K.L.:
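Please read through the structure below; I'll follow up with questions.
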Amino acid sequence: MSGTLLHLVPVRSRQAKEFVRTWHRHHPPPAGQIFAVGAADESGVLRAVAIVGRPVARHLDDGATLEVTRTAGDGTRNANSLLYGASWRAAKALGYRRLVTYTQDGESGASLRDAGWHIRQPPAPGRMTHPLPPTVRPRQRPRRPSAVGSPLTEPAPARQRADRPPSSRTTPAPPPELSCTPST
């Protein structure tokens, strides 16, 4: 399998979910999706799939962000890297500005790095990201898309007016997995 040449193939939702049921180590297929893409070998045998959908984390579901919710493969080398890169190109072609995914503890994230993604570490376990419980938090206005900066990085920080003190509001932290976004 190490010398297998792979190419991208379109995958229907039902086929992608069945592949995940068969090959994924510890999770069932996700409930929904926006699109799926597959990697096949020279003979057309499907070797890996990536399912991309709306972000699971509510604070990321801004209409401009998608999440690679599941990848699964039969162990063919470089299949996941091929799929992560293709997922970002497809999301970008559809007009999305950000693509995220998460890995479990103990996974190296090598396929993400090989596909050119930036690895972002989550906050330390147990660290509070907001001083008030969710029911008491002040309502925050939705963040406007940044006009400057790359769509592959975090949005540019909001500019502060010189006559106002800096805001004490914080942005929500990602879930306690490893957050990743693609690089240019």
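Since this is a predicted model, take the numbers as computed values, not measurements.
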K.L.:
Partners of Thr22 by side chain to side chain contact (heavy atoms under 4.5 Å, CB included), sequence neighbours excluded?
P.N.:
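Expected list: Glu18.
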K.L.:
For Tyr102 and Leu60, which heavy atoms make the closest approach, and how far apart are they?
P.N.:
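So the two residues come closest at OH-CD1, 3.2 Å.
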K.L.:
Using 0.5 Å steps for rounding, measure from the CD1 atom of Ile51 to the OG1 atom of Thr71.
P.N.:
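Between atom CD1 of Ile51 and atom OG1 of Thr71 there are 9.5 Å.
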K.L.:
Give a yes or no on whether the backbone of Ser108 and the side-chain of Arg113 come within a donor-acceptor separation of less than 3.5 Å.
P.N.:
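Yes, the answer is positive, given that a donor and an acceptor are paired below the 3.5 Å cut-off.
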K.L.:
Start with the C-alpha gap between Gln33 and Thr69, add the side-chain angles, then the distance that decides, and say whether side chain to side chain contact (heavy atoms under 4.5 Å, CB included) holds.
P.N.:
CA-CA 8 Å; Gln33 70 178 48; Thr69 54; 5.8 Å; no
K.L.:
Judged by atom type as modelled, is there a donor-acceptor pair below 3.5 Å linking the side chain of Lys17 to the main-chain atoms of Ala31?
P.N.:
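Yes: the side chain of Lys17 pairs with the backbone of Ala31.
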K.L.:
Taking all non-hydrogen atoms of both residues into account, name the closest pair between Asp74 and Phe19 and its distance.
P.N.:
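The pair with the smallest heavy-atom distance is N-CZ, 4.5 Å.
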K.L.:
Could you tell me which residues satisfy salt bridge (Lys or Arg N to Asp or Glu O under 4.0 Å) with Asp41, sequence neighbours excluded, listed by chain and number?
P.N.:
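Asp41 satisfies salt bridge (Lys or Arg N to Asp or Glu O under 4.0 Å) with Arg47 once adjacent residues are dropped.
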K.L.:
Please give me the minimum heavy-atom distance between Ala16 and Ala36, naming the atom from each residue.
P.N.:
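Residues Ala16 and Ala36, closest heavy atoms: CB-CB, 3.8 Å.
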K.L.:
Before giving the answer on side chain to side chain contact (heavy atoms under 4.5 Å, CB included), spell out for Val49 and Gln15 the whole-Å C-alpha distance, their side-chain angles and the decisive distance to 0.1 Å.
P.N.:
CA-CA 9 Å; Val49 297; Gln15 183 183 11; over 6 Å; no
K.L.:
Could you list the cluster mates of Leu6? Members are the ILVMFWY residues connected by side-chain heavy atoms closer than 4.5 Å, either directly or through other members.
P.N.:
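Its cluster partners, ordered by chain and number, are Leu8, Val37, Leu82, Leu83.
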K.L.:
For Val9, check side chain to side chain contact (heavy atoms under 4.5 Å, CB included) against everything at least two apart and list the hits.
P.N.:
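In terms of side chain to side chain contact (heavy atoms under 4.5 Å, CB included), with neighbours along the sequence ignored, Val9 is linked to His7, Val11, Ala40, Leu46.
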K.L.:
What residues form a side chain to side chain contact (heavy atoms under 4.5 Å, CB included) with Ser111, not counting sequence neighbours?
P.N.:
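Testing Ser111 for side chain to side chain contact (heavy atoms under 4.5 Å, CB included), a comparison that skips the adjacent residues, returns Asn80, Ser81, Tyr84.
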K.L.:
Would you please name every residue forming a salt bridge (Lys or Arg N to Asp or Glu O under 4.0 Å) with Asp114, sequence neighbours left out?
P.N.:
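Residues passing salt bridge (Lys or Arg N to Asp or Glu O under 4.0 Å) with Asp114: none at all.
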K.L.:
For Trp88 and Tyr96, work out which heavy atoms get closest and say how close.
P.N.:
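Heavy-atom minimum between the residues: CH2-O, 4.3 Å.
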K.L.:
Under the side-chain hydrogen bond (donor to acceptor under 3.5 Å, both in side chains) rule, collect the residues that match up with Thr65, sequence neighbours excluded.
P.N.:
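Result, side-chain hydrogen bond (donor to acceptor under 3.5 Å, both in side chains) vs Thr65: Asp62.
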K.L.:
Going by the rule salt bridge (Lys or Arg N to Asp or Glu O under 4.0 Å), which residues pair with Arg70 if we only count those two or more places apart in sequence or in a different chain?
P.N.:
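Salt bridge (Lys or Arg N to Asp or Glu O under 4.0 Å) check on Arg70 returns nothing, list empty.
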K.L.:
Verify the cluster assignment for Val52 and Leu112: are they in a single hydrophobic cluster under the rule of side-chain heavy atoms below 4.5 Å apart?
P.N.:
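Linked within one cluster.
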K.L.:
Could you tell me the separation between the CG atom of Leu66 and the CG atom of Leu94, rounded to the nearest 0.5 Å?
P.N.:
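So the gap between those two atoms works out to 7.5 Å.
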K.L.:
Starting at CG of Leu99, measure out to CD of Glu67 and round the result to the nearest 0.5 Å.
P.N.:
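It comes to 8.5 Å.
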